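Encoded as structure tokens, the structure appears first; notes follow it.
In what follows, every chain begins at residue 1, and chains take the letters A, B, ... in the order their sequences are listed. All values below were derived from every heavy atom in this structure, side-chain atoms included, with hydrogens, water molecules and symmetry-related copies excluded. Because the structure is predicted, anything quoted here is derived from the model rather than measured.
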Amino acid sequence: MFRAAVRLSVSGVRSLTRTQPGCQALLASRGYSHGKQETDEEFDARWVTYFNKPDIDAWELRKGMNTLVCYDLVPEPKILEAALRACRRLNDLASAIRILEAVKDKAGPHKDIYPYVIQELKPVLEELGISTPEELGIDKL
Amino acid sequence: MFHLAAGRVGSLAAKRATAALSTSSARMMASHGHEVSTAVDMSKPQYTDSADYPLPDVPYKQVLTDADKSLKQKEKGPWNQLSKEEKLALYRLKFLKTYPEMRHSTPEWKTALGAALFLMGLTGFIVWWQKVYVFPKRPRTFEGDWPEKQLKRMLDMRINPVQGISSKWDYEKGQWK
């Protein structure tokens, strides 16, 4: 189902690999033509580790998210879960909601990515008490 | 404080120096609060709403009322206990615009297109007015049978016979090729 829809670009859908195991593009996030290429799993693991830092500070959270949205991909739910938990440790609900908005924005014309991500994140959202932008009514003008 | 050796300094440098002097004095006045100016301190981190910069460097509202502060205290506890309004309030403390508000287009393009077309129309009107009131009479070489006679003369003289006009005329049949 996602094979045709979730093709953001050639280097695009690297992180969203759960539903399409055959479509994994092994591309590094940096534009080197030489050297060892980072796999999707390595990329995801690196970012999950980044956000899982127990004493992450607000700057690091902002830096991480602002960097992550600049990549040509929609982050995996597990990275987003780590980011949302980091928001919880920093007592920052607003940023958690903002992260969800950013994910929807990153998906662009692929309207089925965001519902999938929310579905995957439902346990975390309920556990932490994060409302989605839709629940708060800020997904509309 | 700021000496201008007017005789020594060139006119351009003097102008720049004067500008610097007036800017610094404006800043001084802003810091003393005499003027109306709300000069932004560009040396500090700024708030920006940008789709590719989801978490700006500073929260939108940096000066919090007591109500805001107590809400922030409540934020330290379980978020399940916050009402929707409280969550929205927390969002608006930190951010000015939501993503849809950031992204939505304005009807400004209609104004821009309308203005451009109007100005083109105005230009067209000016051109027509010039034709009627400014341009002199057309030369007599455009009137009556002059052009036809002129063309016949050119063909008789074999003007541009290789690739030009005379080459397009069939002299045997007396017509265009």
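Of the atoms belonging to A:D139, it is backbone heavy atoms, and not side-chain ones, that fall under 4.5 Å from chain B. Using a 4.5 Å cut-off between heavy atoms, A:L61 contacts chain B through both its backbone and its side chain. Only the backbone of B:P78 comes within contact range of chain A, with heavy atoms under 4.5 Å apart. When heavy atoms are compared at a cutoff of 4.5 Å, B:K97 approaches chain A solely by way of its backbone atoms N, CA, C and O. Only the side chain of B:L82 comes within contact range of chain A, with heavy atoms under 4.5 Å apart. Heavy atoms closer than 4.5 Å to chain A are found in both the backbone and the side chain of B:Y99.
Pairing each heavy atom of B:P56 with each of A:R62, the nearest pair is O-CD, 2.9 Å. The nearest pair of heavy atoms linking B:H104 to A:L141 is CB-CD1, 3.4 Å. Counting all heavy atoms, side chain and backbone alike, B:K84 lies closest to A:L136 at O-CD2, 3.7 Å. Listed here is the closest heavy atom pair of A:I138 and B:P100: O-CG, 3.4 Å.
Under a 3.5 Å cut-off, the side chain of B:K87 and the backbone N or O of A:G129 do form a donor-acceptor pair. No donor-acceptor pair closer than 3.5 Å links the side chain of B:N80 to the backbone N or O of A:L128. Listed for the B:E75 side chain is a donor-acceptor partner under 3.5 Å among the backbone atoms of A:L93.
In this structure, B:Y47 is not a member of the same hydrophobic cluster as B:Y53, with clusters built from ILVMFWY side-chain heavy atoms closer than 4.5 Å. B:F125 and B:V127 fall into different hydrophobic clusters, where Ile, Leu, Val, Met, Phe, Trp and Tyr are joined by side-chain heavy atoms under 4.5 Å apart, directly or via other members. Connection of B:Y171 to B:V162 is not established within any shared hydrophobic cluster, with ILVMFWY side chains joined at heavy-atom distances below 4.5 Å, either directly or through further cluster members. Transitive grouping of hydrophobic side chains (ILVMFWY, heavy atoms separated by less than 4.5 Å) keeps A:W59 and A:L90 in distinct clusters.
Within 6.0 Å of atom CD in B:E143, more than 12 heavy atoms from other residues, nucleotides or ligands are found, so the atom counts as buried in its surroundings. Residue A:K53 qualifies as enclosed at atom NZ: its count of foreign heavy atoms under 6.0 Å is above 12. In the displayed structure, B:K173 atom NZ is contacted under 6.0 Å by at most 12 heavy atoms of other residues, nucleotides or ligands. Other residues, nucleotides and ligands contribute over 12 non-hydrogen atoms within 6.0 Å of the CH2 atom of B:W176. The environment of CD in B:Q163 is sparse: at most 12 heavy-atom neighbours from other residues, nucleotides or ligands sit within 6.0 Å. A 6.0 Å sphere centred on NZ of B:K152 holds no more than 12 heavy atoms belonging to other residues, nucleotides or ligands. Taking a 6.0 Å sphere around CD of B:E108, one finds it holds 12 or fewer heavy atoms contributed by other residues, nucleotides or ligands.
Proximity of B:M102 to A:D105: side-chain heavy atoms (C-beta onward) are nowhere separated by under 4.5 Å.
To the nearest 0.5 Å, the span separating OH on B:Y91 from OG on A:S95 amounts to 9.5 Å.
Among B:D57, B:L90, B:D52, the residue making the largest number of heavy-atom pairs under 4.5 Å with chain A is B:D57. With chain B as partner, the option from A:E101, A:K63, A:M65, A:R98 having the largest number of non-hydrogen pairs under 4.5 angstrom is A:R98. With chain B as the partner, the residue from A:V69, A:T67, A:D92 showing the most heavy-atom pairs under 4.5 Å is A:D92.
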